[in-house]
Amino acid sequence: MKQDTVEIIRNVLEDLKNRWGLEDIPGIEVEIPRNGGMGDIATTVAMRLAKPLGKPPREIAAEIVEKIKEQEADLFESVETAGPGFINFRFRGEFLCRSLAELLRKGRPALRTDTGKGRRIQVEFVSANPTGPLHVGHGRGAAVGDALCNILKAAGFDVQKEFYINDAGLQVRLLGESVFARYRQILGTGAPFPEDGYRGAYIESIAKEIHDRYGDRYRERTFEECGEFFTEYAYRMMLSGIERDLRDFGVVFDRWQSERELHLQGKVREALEELRSKGLLYEKNGATWFRSSRFGDDKDRVVVKQDGEYTYFASDICYHKYKLERGFDTIIDIWGADHHGYVPRIRSVLEAFDLPRDKFRVILIQMVSLLRHGEPVQMSKRAGEFITLREVMDEVGADITRFIFLTRRADSHLDFDLDIAKEQSAENPVFYVQYAFARISSLFRQASERGIRIEDAEAGAADLKMLAEHEETSIIKKLLQYIMVVESAAHACEPHRITYYLQELAGMFHAYYYKYRIISGDDRLTRARLALCRGVQIVLEDGLGLLGVSAPEKM
RNA sequence: GCGCCUGUAGCUCAGCAGGAUAGAGCAACUGACUUCUAAUCAGUGGGUCGGGGGUUCGAAUCCUCCCAGGCGCGCCA
């Protein structure tokens with residue numbers, strides 16, 4: 001729908017270019033008019049041409065319309081100028097039927113586009129420290145990141161999903177110390193608990209597990225002697241737990257990048273050497289600094305501490321450089337919004353390496369506030385009291401959780417009410433969309449008893465011209481908009497646009513279903529309507545798939 | 001103090017890469033189940049898009065100042 005229209009406009013502008021003495025054709029933007037009465041699709045190109053041509057937009061629009069009418073009479077029922085210089089297009093019924101038939105014949109592959117042109121995008125998300133279980137905020141990042149990747153793939157990008165593991169440095173060591181202390185407590189030979197140690201119950205259960213397997217083997221040892229064992233053991237446990245939680249949440253990464261590996265492979269040192277050779281490192285107060293302030297950061301940053309240890313920023317310098325060296329056209333980082341101060345720092349790194357800054361995008365995920373009975377659930381990470389993603393999944397289910405995470409823009413706060421999430425009420429939009437899918441499945445179950453199969457709806461046997469009700473043409477048009485929605489969601493990196501679209505489509509279907517009889521005494525009409533329902537079902541299934549939410553046949 | 005995000009209907013939020021008369025759900029009120037799943041549908045009311053200035057054919061959208069809320073601002077991660 002979009003491509004057809006844009007192509008036609010482009011051809012016409014190509015013709016008019018010389019008459020106008022125009023150098024370049026501007027980007028042709030089409031949009032869906034807010035008010036359906038205005039048309040099916042509209043372009044603002046005449047208004048954009050007003051300035052370069054020095055002519056009133058309506059006049060330009062009129063010229064374009066005339067030309068389109070000469071050349072493309074069969075696609076559009078009407079093409080007209082409107083308002084300040086819009087050109088509104090209305091498609092012929094035959095075009096809509098043809099498009100629906102194509103969707104039915106090809107199925108979900110018809111919903112893919114190639115706007116990404118196979119460009120390689122890497123999305124790094126979750127990347128939770130392996131020092132504790134995933135909490136709800138991580139879950140939101142996982143849902144957004146995974147859906148975004150699905151959307152980018154659907155829009156024709158070549159996508160890699162990566163989890164960056166902060167397995168070097170102080171925090172994992174602190175994890176090991178915490179477990180060690182709990183282990184000693186089990187033995188009754190209390191070791192001092194580290195001041196900033198991890199206090200969650202999961203620490204005790206790891207200690208217990210070590211005790212069950214190894215008994216008092218480490219009774220007489222100090223942490224200096226056996227810390228590596230405890231750290232390694234605990235970290236492995238945490239990481240596999242994270243992986244398991246993510247898998248059960250429907251998120252599987254293509255690649256897990258270990259920070260420690262970057263150090264061991266000497267990549268961190270190499271990256272810093274490169275900066276040094278560019279004259280961008282200097283020594284001060286016994287530490288090594290990076291001149292990030294030259295590239296828009298607030299101040300310079302330490303990369304090697306006084307004690308000789310690398311900072312996390314040092315590995316991040318290396319990591320982001322390394323990611324771009326792996327040949328991605330774009331790298332997207334998804335961070336918790338509390339890390340936003342880090343953005344200019346990483347940008348400064350890319351500039352320092354002469355890497356284009358527009359190759360790097362950050363999506364910030366705002367906080368999730370968990371509510372129960374409308375009251376905030378108290379959480380204290382320090383005391384180890386926080387609601388884990390696992391608990392939420394167990395309580396309300398992965399589908400609902402994912403959907404709710406995707407009902408807001410990433411950068412707005414989200415109140416997640418566990419009670420409402422569990423309720424199967426109208427306040428819960430997941431069911432609304434899934435129910436539309438299940439209803440259609442049910443229709444086909446009934447139809448099969450009458451000898452009409454789902455394959456019949458797909459084969460193009462139905463006479464789609466019978467879909468003459470305005471609700472029916474509206475639904476077809478809505479189906480054809482899906483690709484545009486996917487493209488815009490990919491472009492803006494905003495998965496929630498799919499969520500909203502699905503709710504709208506489901507709403508149109510529910511209203512249609514209620515008003516009209518799908519399976520009736522009229523066999524031809526029945527087949528045509530089932531074909532339309534099948535179209536809706538294909539798009540709903542695809543959209544839910546992008547969000548990582550299941551499409552149940554029965555509810 | 002500096003920076004980032006947010007501010008749209010009573011509530012929760014959409015509003016797409018400036019576009020046409022700013023939308024949805026919930027809540028409130030009216031109605032619809034002997035009929036393909038009522039987890040549904042039809043309808044009514046509800047707005048100074050936080051405020052002021054600016055950019056232009058045109059601003060909820062871009063710029064600027066102010067106000068309010070959240071979050072950051074370590075040789076922590």
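All values derive from a computational prediction rather than experimental measurement. Below, read A as the first sequence line, B as the second, and so on, with proteins coming before strands; counting in each chain starts at 1. Hydrogens, waters and symmetry mates are skipped; everything else that's a heavy atom, side chains included, is used.
Nucleic acid contact for P57(A): none, since no nucleic acid atom lies under 4.0 Å from a heavy atom of the residue. Contacts of E553(A) with the nucleic acid, taken as non-hydrogen atoms under 4.0 Å apart, include base atoms. Residue R517(A) is classed as a base contact, given a heavy-atom separation below 4.0 Å to a base. Among the atoms of the strands shown, base atoms are found under 4.0 Å from some heavy atom of A82(A). Within the 4.0 angstrom heavy-atom criterion, base atoms lie near M47(A). Contact annotation for A438(A): base contact, defined as any heavy-atom pair under 4.0 Å involving a base atom. Heavy atoms of N88(A) sit under 4.0 angstrom from at least one base atom. Using a 4.0 Å heavy-atom cutoff across all strands shown, F509(A) reaches no nucleic acid atom at all. Using a 4.0 Å heavy-atom cutoff across all strands shown, A489(A) reaches no nucleic acid atom at all. Contact annotation for S412(A): backbone-only contact, meaning every heavy-atom pair under 4.0 Å involves sugar-phosphate atoms and none involves a base. Nucleic acid contact class of H491(A) (heavy atoms, under 4.0 Å, all strands): base.
The pair E472(A)-R529(A) meets the salt-bridge criterion, with a side-chain N (NZ, NE, NH1 or NH2) lying under 4.0 Å from an Asp/Glu carboxylate O.
Within the structure, the salt bridge (charged side-chain N to carboxylate O under 4.0 Å, His left out) test picks out no pair touching residues 132-144 of chain A (sequence neighbours left out). Sorted by first and then second residue, the pairs that involve residues 497-507 of chain A and meet side-chain hydrogen bond (donor to acceptor under 3.5 Å, both in side chains), not counting sequence neighbours, are K478(A)-E504(A), S488(A)-R497(A), E494(A)-R497(A).
Rounded to whole Å, the distance from CD on E29(A) to P on A20(B) is 14 Å. With rounding to whole Å, F416(A) atom CZ is found 16 Å from C13(B) atom C1'. To the nearest angstrom, C1' of G58(B) lies 13 Å from CD of E31(A). One atom, CG of L505(A), and another, P of A24(B), lie 17 Å apart when rounded to the nearest Å. When the P atom of G15(B) is taken as reference, atom OH of Y500(A) falls 7 Å away, rounded to whole Å. Put simply, OH on Y513(A) is 12 Å from C1' on C33(B), counting in whole angstrom units. Atom P of nucleotide C41(B) and atom CD of E471(A) are separated by 14 Å, given to the nearest angstrom. Rounded to whole angstrom, the span from the OH atom of Y501(A) across to the C1' atom of G23(B) amounts to 17 Å.
To the nearest 0.5 Å, atom OG1 of residue T43(A) and atom CD1 of residue I64(A) are 7.5 Å apart.
The separation of A17(B) from U12(B), taken at their C1' atoms, amounts to 27 Å, rounded to a whole angstrom. Rounded to a whole angstrom, the distance from the P atom of G51(B) to that of U61(B) is 10 Å. On the C1' atoms, U6(B) is 13 Å away from C13(B), given to the nearest whole Å. Taking atom C1' in both C26(B) and A39(B), one finds a spacing of 15 Å when rounded to whole Å. The gap from the C1' atom of G50(B) to that of C5(B) amounts to 15 Å, rounded to the nearest Å. Only the C1' atoms considered, G72(B) is 43 Å distant from G45(B), to the nearest whole Å. With both ends at atom P, the span from G7(B) to G54(B) equals 24 Å, rounded to whole Å. Spacing of P atoms, G46(B) relative to G10(B), comes out at 11 Å, to the nearest Å.
The pairing partner recorded for U21(B) is none, the criterion being a Watson-Crick or G-U wobble arrangement whose two distances lie under 3.5 angstrom. For U61(B), there is no paired base (Watson-Crick or G-U wobble, both distances below 3.5 Å). The partner of U55(B), taking Watson-Crick or G-U wobble pairs whose two distances both stay under 3.5 Å, does not exist in any strand shown. When both distances must be under 3.5 Å, the Watson-Crick or G-U wobble mate of G3(B) is C71(B). Nucleotide A42(B): paired with U30(B) (Watson-Crick or G-U wobble, both distances less than 3.5 Å).
Legend: residues meeting side-chain hydrogen bond (donor to acceptor under 3.5 Å, both in side chains) with Q481(A), ordered by chain and number and at least two apart, are absent. Under the side-chain contact (heavy atoms from CB on, under 4.5 Å) criterion, S127(A) pairs with E124(A), Y164(A), not counting sequence neighbours.
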Pair up each side-chain donor or acceptor in residues 340-347 of chain A with any protein partner under 3.5 Å, not counting sequence neighbours, and list the distances.
unit_1	atom_1	unit_2	atom_2	d
H340(A)	ND1	A337(A)	O	2.8
Y342(A)	OH	D316(A)	OD2	3.1
R347(A)	NH1	F360(A)	O	3.3

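H510(A) places a side-chain N or O within 3.5 Å of a backbone atom of Y432(A) that can act as its donor or acceptor partner.
A close approach under 4.0 Å does occur between a side-chain nitrogen or oxygen of R409(A) and OP1 or OP2 of A14(B). For A38(B), the OP1/OP2 oxygens have a side-chain nitrogen or oxygen of R439(A) closer than 4.0 Å. One finds no side-chain N or O of H510(A) lying less than 4.0 angstrom from the OP1 or OP2 phosphate oxygen of A39(B). Residue Y432(A) places at least one side-chain N or O under 4.0 Å from the OP1 or OP2 atom of C41(B).
For the pair G83(A) and R445(A), both in contact range of RNA chain B, the more 5′-proximal nearest nucleotide belongs to G83(A). With RNA chain B read from its 5' end, the first of the two nearest nucleotides for M38(A) and D411(A) is the one closest to D411(A).
A donor and an acceptor atom, one from each side chain of Q366(A) and S412(A), are nowhere located under 3.5 Å apart.
Taking the six-membered ring where the residue is Trp, F290(A) and F295(A) present parallel rings, their angle staying beneath 30° rather than reaching 60°.
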(message) Output one letter per nucleotide in nucleotides 71-77 of chain B: B when a protein non-hydrogen atom lies under 4.0 Å from the base, S when only the sugar-phosphate is that close, - when neither is.
(response) BSSSBSB
